[in-house]
Amino acid sequence: MTFFTLFTPVSYWILIALWLFIFAFYVNRIRNSRLKSRLYVTLLIILAIDAFRTLFESVYFGAWYTSLVGLIPRSIHNFLVRPEYVFIPKILNILAALLIILIVFRRWFPEEEAERKKEAVYTKALENEIRERQAIENELKQSRARLMDAQGLAKLGHYVFDIKKDAWTSSAGLDNIFGINKNFPRDVRGWLALVHPDDHDTMEAYLQETVLAEHKRFDKEYRIIDQATQKTKWVHGLGDIRLDEHHSPVELFGTIQDITEQVHMRTEREKLIRELRDALENVKTLSGLLPICAKCKKIRDDKGYWNTLEAYIQSHSNVLFSHGLCTDCSDDLYGKQEWYIKFKKDSNAN
């Protein structure tokens, strides 16, 4: 029987086709997967070799080899079961083991060491990147915390108003100014509900006509009602409007500052200025020509009445008089009296 005729039975070709399928599967997986790990590729090669070895050994030494009678030619069956040829699968096992060991030592260990070094470099780079990102995140958190502290000291908060969605978001500082929580409706109607009733219509018209229609910057001082305390506050709102490619308003971003104290101080200052102005206006001064009597020194007022000098000056200023006698008048009145002559002598002696 020739070698070709030994492989003619269909059953034996099925076994060969099974091994070829398994080997082709592993080879195709190795070729198409483009795996980065050399370990994975090495293991697939070893599995392909072991699949052939196991298949051959199963055919030769399997518990079912006696059932192959009728599936393969009897001459092949008789050849496989002869004791003197038992070394064939053993040699095949030894060769497969040596091949696997050779692959492991020639490919796995060196290349796996290189893979470990690459992985160590990659891991170190990844750790450095993570540390840098954590440092950046910590710096951002600190900057955000400092910003919040600064806004708190300045009684300032910021907002972003999405015009198309009719929704605005606010910072914690702004929520504190408004006295609202996260459940407060953040739309135009919600904002107008915060505005003082006396300023409601004015602010609604200002937003719709000046800011949204004319695309002007939001810059307005107005009153609100603190929702937590129900107290009136003065705030100064600023905002820049952003337009899309069609020149339509899409966003308003800005700040709102609590200026209640500044307004009160300004009001007090204006009140003080008014009071000072009124006081200056009420100050009466003497100016121009005064008609005065050459003998009695009475002064004629603008109504034609003659007033004593003291009365006229007191009525036209805040001056008060205290009366006394000058030296000449004292001499005229008391110059011939002995007590006065003695008084003058004593005064001159001192």
Side-chain angles (χ1 to χ4, degrees), residues 126 129-267:
L126 183 60
E129 183 178 356
I130 292 174
R131 283 195 294 268
E132 291 177 359
R133 289 186 178 181
Q134 289 177 344
I136 293 174
E137 290 179 358
N138 292 334
E139 186 175 353
L140 288 175
K141 289 180 180 179
Q142 293 177 359
S143 298
R144 189 178 298 112
R146 286 193 293 267
L147 176 61
M148 294 297 103
D149 292 341
Q151 288 187 358
L153 292 174
K155 295 184 178 181
L156 184 73
H158 66 270
Y159 65 91
V160 179
F161 176 37
D162 189 324
I163 299 173
K164 293 186 176 181
K165 294 182 179 180
D166 187 20
W168 50 273
T169 58
S170 55
S171 65
L174 186 56
D175 291 349
N176 186 52
I177 293 173
F178 286 157
I180 60 177
N181 55 32
K182 62 181 181 179
N183 298 322
F184 188 83
R186 287 168 167 79
D187 51 19
V188 172
R189 293 184 62 184
W191 171 69
L192 289 174
L194 297 169
V195 178
H196 192 280
D198 294 342
D199 297 341
H200 185 280
D201 295 340
T202 302
M203 294 309 301
E204 182 178 13
Y206 179 76
L207 175 65
Q208 298 295 338
E209 299 173 5
T210 304
V211 179
L212 299 183
E214 300 179 7
H215 306 163
K216 292 184 177 180
R217 190 169 190 262
F218 192 106
D219 188 352
K220 196 76 170 177
E221 292 183 1
Y222 58 97
R223 290 171 294 177
I224 64 167
I225 302 297
D226 189 321
Q227 300 301 296
T229 62
Q230 295 301 310
K231 292 183 179 180
T232 300
K233 290 182 178 179
W234 276 93
V235 296
H236 183 196
L238 295 172
D240 291 324
I241 193 165
R242 185 171 66 86
L243 308 177
D244 60 12
E245 62 274 10
H246 303 295
H247 207 64
S248 299
V250 294
E251 184 181 271
L252 183 66
F253 171 78
T255 61
I256 294 178
Q257 184 178 18
D258 183 354
I259 59 170
T260 305
E261 293 182 2
Q262 293 91 315
V263 171
H264 289 167
M265 292 176 61
R266 187 171 59 196
T267 302

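Position 1 is the first residue of the sequence; numbering continues from there.
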Matching residue for Y222 among D198, I256, T202 - test: side chain to side chain contact (heavy atoms under 4.5 Å, CB included): I256

Neighbour count >12 (heavy atoms, 6.0 Å) for atom CD, E261: no

Between CH2 on residue W234 and CG on residue D258, distance to nearest 0.5 Å: 12.0 Å

R189 CZ: over 12 foreign heavy atoms closer than 6.0 Å: no

Aromatic ring pairing F218/W191, orientation class (parallel under 30°, perpendicular over 60°, tilted between): perpendicular

Non-neighbouring partners of K216 that pass salt bridge (Lys or Arg N to Asp or Glu O under 4.0 Å), sequence neighbours left out: E214

For the student: nearest non-hydrogen atoms of L194 and Q227, plus distance: CD2-CG, 3.3 Å

pair E221-I259: side-chain heavy atoms closer than 4.5 Å: yes

Heavy-atom closest contact (I225 atom, P197 atom, distance): CG1-CD, 4.4 Å

Spacing of CD belonging to E137 relative to CD belonging to E132, to within rounding of 0.5 Å: 12.0 Å

Distance in Å, Y159 OH paired with F178 CZ, rounded so as to fall on 0.5 Å steps: 9.0 Å

Over all atoms of both residues, closest heavy-atom pair of R217 and Y206: O-OH, 3.4 Å

Matching residue for E251 among D240, V160, D162, D244 - test: side chain to side chain contact (heavy atoms under 4.5 Å, CB included): V160

N138 side chain to Q134 backbone, donor-acceptor under 3.5 Å: yes

Check: H236/D219 side-chain N/O donor and acceptor closer than 3.5 Å: yes

Spatial distance of atom CD (E245) from atom CG (L243) [nearest 0.5 Å]: 10.5 Å

OG on S248 to CD1 on I241, rounded to 0.5 Å: 10.0 Å

E139, CD: over 12 other non-hydrogen atoms inside 6.0 angstrom: no

Non-neighbouring partners of D187 that pass salt bridge (Lys or Arg N to Asp or Glu O under 4.0 Å), sequence neighbours left out: none

S171 side chain vs H158 backbone, donor-acceptor pair below 3.5 Å: yes

CA sep, side-chain torsions, deciding dist, call: I224, D199, side chain to side chain contact (heavy atoms under 4.5 Å, CB included): CA-CA 8 Å; I224 64 167; D199 297 341; over 6 Å; no

Lys/Arg N to Asp/Glu carboxylate O, R133 vs E129, below 4.0 Å: yes

Main-chain N/O of I177 paired to K233 side chain as donor or acceptor, under 3.5 Å: yes

Derivation of the side chain to side chain contact (heavy atoms under 4.5 Å, CB included) call for Q257 and V235: CA-CA 5 Å; Q257 184 178 18; V235 296; over 6 Å; no

Considering all heavy atoms, the nearest P249-H215 contact: CD-NE2, 3.6 Å

Pairwise salt bridge (charged side-chain N to carboxylate O under 4.0 Å, His left out) hits with a residue in residues 165-176, at least two apart: D175-R186

I163 side, atom CD1; W168 side, atom CH2 - distance, nearest 0.5 Å: 14.5 Å

Minimum heavy-atom distance V188-F161, with the two atoms named: CG2-CZ, 3.4 Å

